[in-house]
Amino acid sequence: MEAKSATAEAGANIAFTKYWGNVDTRLRIPANDSISMTLDAARTLTTVSFRPDLEEDYVVVDGCAASGSVRQRVVGHLDLFRQLADTGWRAKVVSGNNFPTASGIASSASAFAALTVACAEALELDLTRRDLSRLARRGSGSAARSMFGGFAILYSGASDEGAFAEPLHDPDWWEICDLVAVVSRSGKDVSSTGGHRLAQTSPLHRARLAQVPALNKRLREALAERDFDALGRVAEQDALLMHAVMLTSCPALLYWLPETVTVMRRVRRWRAEGIPAYFTIDAGPNVHILTPPEHVNQLLKDLQANPAVQEVLVCQPGPGAQRVKGETDERCGS
Ligand code: PMV
C-alpha cells in the first residue's frame, strides 16, 4: 500500500491578548479568549507520511530526531488523527522552523497548525477550518489561531466543541509590523504547557481573567477602527498582566532575561519620543515590538545596533495554515 503524505506550512502568531491557563488541561480548553496576528515571516513547514510499514512514529524537528516529551506531544496529535481516520498506520513527521524554536516565538503554534493541516490532508479527512482549529488546539492552544491568516480569535468555550478559533480580519486589513527582537536563541526551561498548569497557583490569575473581556472588547474595536495606539496599549498591558501571573505562580516563572528588560525600556523610550511602538512578550525572553510600517527602518537600525539584541525578525500579517507542494528537508528543516 502507498504511503499517505502531505506537506503544510503555517505561520507563528503573536497574541495581542494572551491565552494563559486552561480550564481543562487534557483537552487544552483555554481559560480566556485570546486575539492574535498570524505572522508571515516566522514559519513552520511540515511533511507527514502515514505508512503501513512503520512500527513506530518517527519525528524530526529542525534536522534532529525528536525524543521524550517533544516526540510524545507529536505522537499524541497523530493519535487524534488516526482515531478520526480509523487507521493504525504509524507516521514519519519532518518539521522545520525558519526561526528559533521554543523561545517565545510561538513555534508550537505554527508547528501544530502545520501538523494538523498536513495530517488532515494526508488522511483525506473532510474537515472544516473550525474543526481544524479545534484539532490544532489539542496540540497547542495558540495553534488554533494560526489556522487563519491575518487576525484571529480563539474562544475559551465550555467544551471541546466550543473552543475554536475564528478569523476577525484578513492579512491585508492592516499592515502592522512585529519586529521580533531575539535576545536569546536557547529553548526555555519551562514549556508553555507546563506554564499553563501553574497559572492557577498565582493569586493574580483570577484578577487577570476578570480584566480580559474588557481588553478583548477594546482590542476588537481597535482592530475594526485601525487604531494603533489603542491596540498597542491593550497588547502591552495584557503581556504585563500575563507575566505578572507567571512571576507569581508557584513555582514562579521568570522568562525574562536582563536583555528582555533592556528592550522593553527602549520601547518605552521610543514612545516618550513620539514613536508609536509597543512591546509584547510570550513565554520566553524575546520581545515582539509592534509598530506601523513607516517606523520599521528606524527601529530596526536602532535594534540592530543594540548589544542586547542578537537578531531581529521583521514580520507582518501572514496567511493561515495551508497545504503546499514539495516536502520538508529532513537535514535542516524548512
Ligand atoms: O499554545 P501554547 O500552549 O504554546 O501557549 C501559548 C502561550 C502564549 O504564547 C504565552 C500566549 C498566546 O496566546 O500565544
Side-chain angles (χ1 to χ4, degrees), residues 10-39 42 44 69-70 73-74 76-77 97 99-116 133-148 151-157 163-165 168 178 180 187-199 202 205 208-209 212 215-216 219 234-247 249 253-256 260 279-288 290 315 321:
N13 65 73
I14 182 63
F16 300 143
T17 50
K18 307 294 188 186
Y19 146 53
W20 195 246
N22 289 310
V23 288
D24 184 320
T25 299
R26 190 180 63 84
L27 293 175
R28 288 183 199 267
I29 298 182
N32 64 275
D33 297 354
S34 54
I35 296 177
S36 63
M37 176 172 100
T38 300
L39 305 177
T44 300
S69 60
V70 172
R73 201 166 160 189
V74 174
H77 210 59
N97 296 309
F99 58 93
T101 303
S103 52
I105 316 181
S107 54
S108 65
S110 51
F112 280 96
L115 181 63
T116 298
S133 80
R134 282 178 34 239
L135 285 160
R137 192 205 76 232
R138 299 283 300 273
S140 158
S142 54
R145 300 186 308 243
S146 278
M147 207 47 70
F148 300 98
F151 304 86
I153 182 165
L154 168 61
Y155 295 109
S156 49
F164 55 85
L168 291 175
D178 175 13
V180 191
K188 51 198 171 206
D189 300 337
V190 179
S191 68
S192 41
T193 300
H196 290 297
R197 283 205 193 99
L198 293 178
S202 163
H205 181 51
R208 173 178 173 265
L209 291 180
V212 175
L215 292 173
N216 276 330
L219 181 55
V234 169
E236 206 169 284
Q237 190 184 5
D238 194 43
L240 291 171
L241 281 169
M242 179 184 73
H243 281 272
V245 172
M246 292 165 161
L247 287 164
S249 295
L253 293 174
L254 174 53
Y255 286 113
W256 298 350
T260 310
F279 63 75
T280 180
I281 306 165
D282 281 343
N286 299 320
V287 185
H288 294 249
L290 307 172
C315 301

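We count ligands from 1, going down the list as the structure has it; atoms in each ligand are counted the same way. The figures here come from the full heavy-atom set of this structure, side chains too, leaving out hydrogens, waters and symmetry mates.
- Backbone and side-chain nitrogen or oxygen atoms of Ser192 are examined, and one is located within less than 3.5 angstrom of a nitrogen or oxygen of ligand 1.
- Taking any N or O of Asn13, backbone or side chain, none lies under 3.5 Å from an N or O belonging to ligand 1.
- Here Leu154 contributes atom CG and Ser133 contributes atom OG; the two are 7.5 Å apart, rounded to the nearest 0.5 Å.
- The backbone N or O of Ala163 lies less than 3.5 Å from a partner atom in the side chain of Arg137, making a donor-acceptor pair.
- Every atom of ligand 1 with a heavy atom of Ala15 under 4.0 Å away is listed here by number and element: 12 (C), 13 (O), 14 (O).
- Of the possible donor and acceptor atoms, one in the side chain of Asn32 sits under 3.5 Å from a partner among the backbone N and O of Lys18.
- Geometrically, ligand 1 and Thr193 share no nitrogen or oxygen pair separated by less than 3.5 Å.
- Neither the backbone nor the side chain of Arg137 has any atom closer than 4.0 Å to an atom of ligand 1 (non-hydrogen atoms only).
- Heavy-atom separations between Ala109 and ligand 1 are all 4.0 Å or longer.
- To the nearest 0.5 Å, atoms CG (Asn13) and CG (Leu39) are separated by 6.5 Å.
- Counting heavy atoms closer than 4.0 Å to ligand 1, residue Ser140 contributes atoms from both its backbone and its side chain.
- Taking distance alone, with nitrogen or oxygen atoms compared against 3.5 Å, Lys18 stays at or beyond that limit from ligand 1.
- Note: His243 and Trp256 have tilted aromatic rings, judged against thresholds of 30 and 60 degrees for the angle between ring planes.
- The distance from ligand 1 to the heavy atoms of Ala283 drops below 4.0 Å at these ligand atoms: 10 (C).
- Using a 4.0 Å cut-off between heavy atoms, Ser108 contacts ligand 1 through its side chain alone, with no backbone atom that close.
- Ring geometry for Tyr255 versus Trp20: interplanar angle over 60°, hence perpendicular rather than tilted (30 to 60°).
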